[in-house]
Amino acid sequence: MSNVIGIGAAPRRKEDFRFLTGRGNYVADIKRVDMTFGVFIRSQHGHAVIRGIDKVPALALPGVHAVLTGDDVAADGLGSLPCGWGIHGSDGLPMKEPPFPMLAQGKVRFVGDMVAFVIADTLELARAAAEAVVIDYEVLPSVVGVLEAVRPGAPQLFDDVPNNLCCDWELGDKVAVATAFKKAAHVARLSLVNNRLIGNPMEPRAAVAESNGGTGHYTLWTTSQFPHVVRFLMSALVLKIPEQKMRVVAPDVGGGFGVKQFHYGEEAVITWAAKRVGRPIKWVADRSEGFISDRHGRDHVTEAELALDQNGKFLALKVVTLANMGGYLSTFGPNIPTNLYGPLLSGVYTTPAIYCNVKVVFTNTVPVDAYRGAGRPEATFVVERLVDVAAKEMGIDRVELRRRNIIAKESYPYQTPVLVEYDSGDPMGCLEGALAEADVAGFAERKAASERDGKFRGLGYSTYVEACGLAPSRFAGRLGARGGLYESATVRVHPTGQVTVLIGTHNHGQGHETTFAQIVSEKLGVAFDNVDIVFGDTDRVQFGMGTYGSRSLVVGGAALSKASDKVVLKGKKIAAHLLEASEHDIQFEAGVFSVAGTDRSKTFQEIAGAAYVPHDYPLEILEPGLEEQAYYDPVNFTYPGGCHIAEVEIDPETGIVALEKYTAVDDVGTVINPMIVEGQLHGGIVQGVGQALYENAVYDDVSGQLLSGSFMDYTMPRADHLPNMTIKTHSTLCTHTPMGVKGCGEVGTIGSPAAVINSVVDALSHLGVLHVDMPATPNRIWRIIQNATMPLAAE
Amino acid sequence: MRSFAFHRPTTLYEMSALLGGVADSMPLAGGMTLLPTIKQRLAAPAALIDLSKIPQLSGISAQADVLTVGAMTRHVDVAESELARSKIPLLASLAAGIGDPAVRNRGTIGGSVANNDPSADYPAAVLALDAMVVTDRREIAADAFFRGLFETALDPGEIITALRFPVPSAGGYAKFKSPASRYAVVGVCVAKKAGKVRVAVTGAGPGVFRVAAMEAALERTFTPEAIAAIKLDAENLSSDIHADAEYRAHLVTVMAKKAVMSALQTS
Ligand SMILES: Cc1cc2nc3c(=O)[nH]c(=O)nc-3n(C[C@H](O)[C@H](O)[C@H](O)COP(=O)(O)OP(=O)(O)OC[C@H]3O[C@@H](n4cnc5c(N)ncnc54)[C@H](O)[C@@H]3O)c2cc1C
């Protein structure tokens, strides 16, 4: 059949027409009859006791419907916000899990913590009413950094969490590591900080809720990456609304990056409030509100040590990290710096022994949770920085040291000492490819040219791997997951032969409507334009865990592939009947069912027609209709990875770092749409460059105020900060996913911070610099150069 | 945002009557600073007096060796003005480096100078070029106009109508931009006229200021090397999450050298 656009093609994205012509439908676009407006009153203090809330002046304003507080939540007997992961400490005890109330009760624990929700006829009125609410706080000292939070005498966030320590987690073989360190010819050591980031999706979070008093149904429109999970958590745990009476819709969503993959208190409060006031309510965060309430990412302080033998073979790795959780446990919070971090510390190397200890710590800051890459960029940064430090100290070339330790292609599947088994990969192939693409051979000449201009030039490598396609439910369950991690897809073939796919993942920029349509177009031989992808509505889509962790294609796409296969299988049965042949003799290719070795055939469209007009149909053995569903739960993570090479030039006079060249050669498995893969890589790399050079969420350590609380102070990476990038793939096929795909949503963000910082350190290496913390701002670089050159000048 | 009255006078006379007569009123120029301030509820004027429809307030003209820029002239208009480029190139390039296109398409020179943000670019040029601030009541010399953090010599209700810039024999502006906001972390403007040199620094302290030591050195020899060894005392400079005071002190010297270099190249 013509107009098939299948796997490997690069059609323009289906979804872009509505976005580019201003016809998207975002939560903020939704209007309901009699809709009111809600405003959250948020704590202006990092840490305080709420002594009293006077609602009276606000309620006196005409048009104000309610001011709801933590006391109202308690009076209605509602639950607190659940954490989806329950990890255990090295002592075998479960993590400390203090309740996370949807509106603060008794105490606020970060600037932005929600204290009250005000509902009024207009937004302006709701804002004025919010200002009229008088809150009496007793301000307490705040603690914002992890090192400070675990010190004796630090302010305590919760009475029953001593030293603010949520969990002291460990992984790996401590004894084997200690033994290996004793035999080491060299030990490379590094202290580093992984800076706190704010995701800042273009669309701020928003929600609209309404309740139907007649049927008891609720509808919540929300900016979510996983509406079914939001529905499940609200129904089962928070609001206890029967699940069948709760509809959650996540329509067009303008970017997520993880920020929208949590169940937020705002969602629960607005749904509950809509019932209480008997009117639909809309809430749209403004950007300032996003800065202090969207979950933040990263924020680690780490000590790491790598033991090597005299030839530079890695013997053992030891990593001790303090991870900031913020004021409460968010949906995935404690899982990120533990299960998504420790198991990645083997990197692409044959390190035989690894031990990792992570102290998960509460502080008076916004809760920290997954942000693009989530745990894996942090792990990659530790490993790839440490490899460079070891190379420098031992006088071995950085690429050579990597070559000596990289897992050979033939060694896959490869069991690491930290739980995971890599199914496939060729890191050496990626490295060699990147060396050629980046013109490493010409670097010396470029460096000499920079030196003639008084500039420093550096080259940085990152050979990395990640675990994505989250993930096998059974494995995750053993690690502490409280939910499943499969995905589901329904392929609904209409009587015309046109197709609607209902899938549990959520598209908010990734191009699923295009990629998934390509899979169906290829599998069923139907025209690309005849396939529509539906997602994001719990009343339309059966179930789903949503989009995060580079899982949509890997897990959702696999479910879609399986459901498509089931359609073909049923189609063959129908064709066998119509063509009076045995089912086993029916072949399906390019949209045509035919009897092997004959010219007798039926098109896909004819079979679809027959399924819905079953006049001549084997009704005794087969149901009419052509619609199939599949749930897919993978047997393993997938392990994309690759080699990134960054090249920077530093102006020593100002400390400005200019990224001059960027090359990425990645193994993402089968590529469905190369244009979309390249786009995902671009975006991911830019976010990684943002972390390395620009972005930093900074808190005042006395008041707990967020100092980088707007775009005037939080530096987002911009187009003029970046060079053209060279993006290539060097793929091996995943051995266990149906199409051999590995996922590509996060690779850019995971590989890039280490590549960039390694290039910055390289540029400064003649000054004896071994490490530069992120972000490598001009001030920081200038200071490092000053410190490095001052003693020399004195000599 | 509290509701407010909105007036759009078409003559200076009407404008003065409104500003004098309506309690709690504020002039509105490009709104790039004023509107966010109102939205964040940091200001709550009872009335906004929009200056955009008063013809005398806009436009660029030159007489002999003076360039006059109306207060309501937008940054983009200065950046693209042939007259500004030929008479005082540093002014056009300064305007072209303010914020981003959206800001340049709305923001005005009068609003910028009246606001006197400690990181704004124009105050450095006004001070280094020894410009005259023309108001609806009087003329104020640059040295007397800027009074530190967001403070100026303007009286309540007094409006800047134009800036009069003497054309220098050489001049340059160099700015170290904040990568986040694009405001000046440090900006230095250097201007030379009739043997006298003025050096004005923005971004580094609580308000724009001159550097006498650099001026004297440049009057002796107008080269970057002449000031390379002159470093400000970090004690009096600003420190924030983007730049500490010592770094700012260093950047003043670096930017001053670049400004002199650009003055030499364009004169
Ligand atoms: C994102 C962003 C980036 C920016 N980057 C830079 C930058 O890089 N460099 C820089 O220099 N600036 C920068 N600005 C500031 C901007 O360029 C404007 O100059 C500034 O916002 C004020 O000008 P305006 O015309 O918008 O004034 P408005 O916001 O309308 O007014 C500012 C204040 O001045 C008063 N006022 C206005 N006109 C007059 C007048 N004629 N007489 C008396 N009082 C008056 C108003 O009442 C108000 O109090 C930036 C602004 C933004 C929002």
Side-chain angles (χ1 to χ4, degrees), chain A residues 39 122-128 130-131 195 198 200 286-289 454 651-659 689-690 693-701 705-722 775-787 790, chain B residues 1-4 32-33 35-42 44 97 99-103 117-120 174-188 203-204 224 227-228 231 234 237-258 261:
Chain A
V39 166
T122 66
L123 180 58
E124 280 312 314
L125 196 52
R127 287 209 173 127
E131 274 182 352
N195 44 326
I198 303 175
N200 289 314
D286 59 27
R287 185 60 66 183
S288 312
E289 195 174 6
D651 175 3
E653 211 173 27
T654 56
I656 292 177
V657 178
L659 184 61
V689 171
L693 298 181
Y694 304 108
E695 300 180 48
N696 204 16
V698 184
Y699 277 95
D700 182 89
D701 49 15
Q705 297 296 327
L706 181 64
L707 299 177
S708 52
S710 84
F711 287 140
M712 298 303 257
D713 286 309
Y714 187 90
T715 312
M716 294 295 279
R718 305 194 196 191
D720 65 351
H721 290 145
L722 292 140
T777 59
N779 196 165
R780 180 169 275 163
I781 296 294
W782 176 79
R783 174 74 55 198
I784 287 171
I785 295 173
Q786 288 305 106
N787 292 346
M790 228 111 82
Chain B
M1 197 172 4
R2 200 170 87 184
S3 58
F4 51 82
M32 290 293 92
T33 294
L35 296 187
T37 313
I38 294 173
K39 278 192 189 167
Q40 287 164 17
R41 300 175 160 253
L42 299 172
D100 48 53
V103 168
D117 187 297
S119 307
K175 165 186 184 181
F176 185 95
K177 287 182 185 191
S178 152
S181 70
R182 307 288 160 113
Y183 271 96
V185 172
V186 167
V188 180
I227 50 170
K231 220 182 126 192
L237 302 187
S238 314
S239 220
D240 57 33
I241 59 173
H242 303 293
D244 59 46
E246 263 185 71
Y247 180 53
R248 276 195 163 86
H250 166 76
L251 285 179
V252 169
T253 309
V254 175
M255 292 302 129
K257 281 174 12 192
K258 286 187 198 287
M261 187 85 82

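Just so we're on the same page: letters track the sequence lines, and every chain starts at 1. Below, all heavy atoms of this structure are taken into account, side chains as well, without hydrogens, waters or symmetry copies.
- The candidate from Gly655(A), Pro778(A), Ala128(A) with the greatest count of non-hydrogen atom pairs under 4.5 Å with chain B is Pro778(A).
- From Ser178(B), atom OG reaches atom CE of Met712(A) across 8.0 Å, with rounding to the nearest 0.5 Å.
- Gln786(A) CD to Tyr247(B) OH: the interatomic distance, rounded to the nearest 0.5 Å, is 10.5 Å.
- Using a 4.5 Å cut-off between heavy atoms, Ile656(A) touches chain B through its side chain atoms alone.
- For Gln40(B), no part lies under 4.5 angstrom from a heavy atom of chain A.
- Pairing each heavy atom of Thr715(A) with each of Ala180(B), the nearest pair is OG1-CB, 3.3 Å.
- Listed options Glu695(A), Glu131(A), Met716(A) were ranked by heavy-atom pairs under 4.5 angstrom with chain B; first place goes to Glu131(A).
- Ser288(A) does not touch chain B: none of its heavy atoms, backbone or side chain, sits under 4.5 Å away.
- Using a 4.5 Å cut-off between heavy atoms, Pro717(A) does not touch chain B at all.
- Counting heavy atoms from C-beta outward, Asn779(A) and Arg248(B) have side chains that stay 4.5 Å or more apart.
- Under 4.0 Å is where a charged nitrogen must lie from a carboxylate oxygen, and between Arg182(B) and Asp720(A) at least one such pair does.
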Open item on the list: Is there a side chain to side chain contact (heavy atoms under 4.5 Å, CB included) between His242(B) and Thr777(A)? Walk through the geometry before answering.
Closed with: CA-CA 8 Å; His242(B) 303 293; Thr777(A) 59; over 6 Å; no

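- Contacts of Arg780(A) with chain B are absent, with no heavy-atom separation under 4.5 Å from either backbone or side chain.
- Judged by distance alone, with hydrogens and angles left aside, the side-chain atoms of His250(B) form no donor-acceptor pair with the main-chain N or O of Thr654(A) at under 3.5 Å.
- At least one side-chain heavy atom of Arg783(A) sits less than 4.5 Å from a side-chain heavy atom of Asp244(B).
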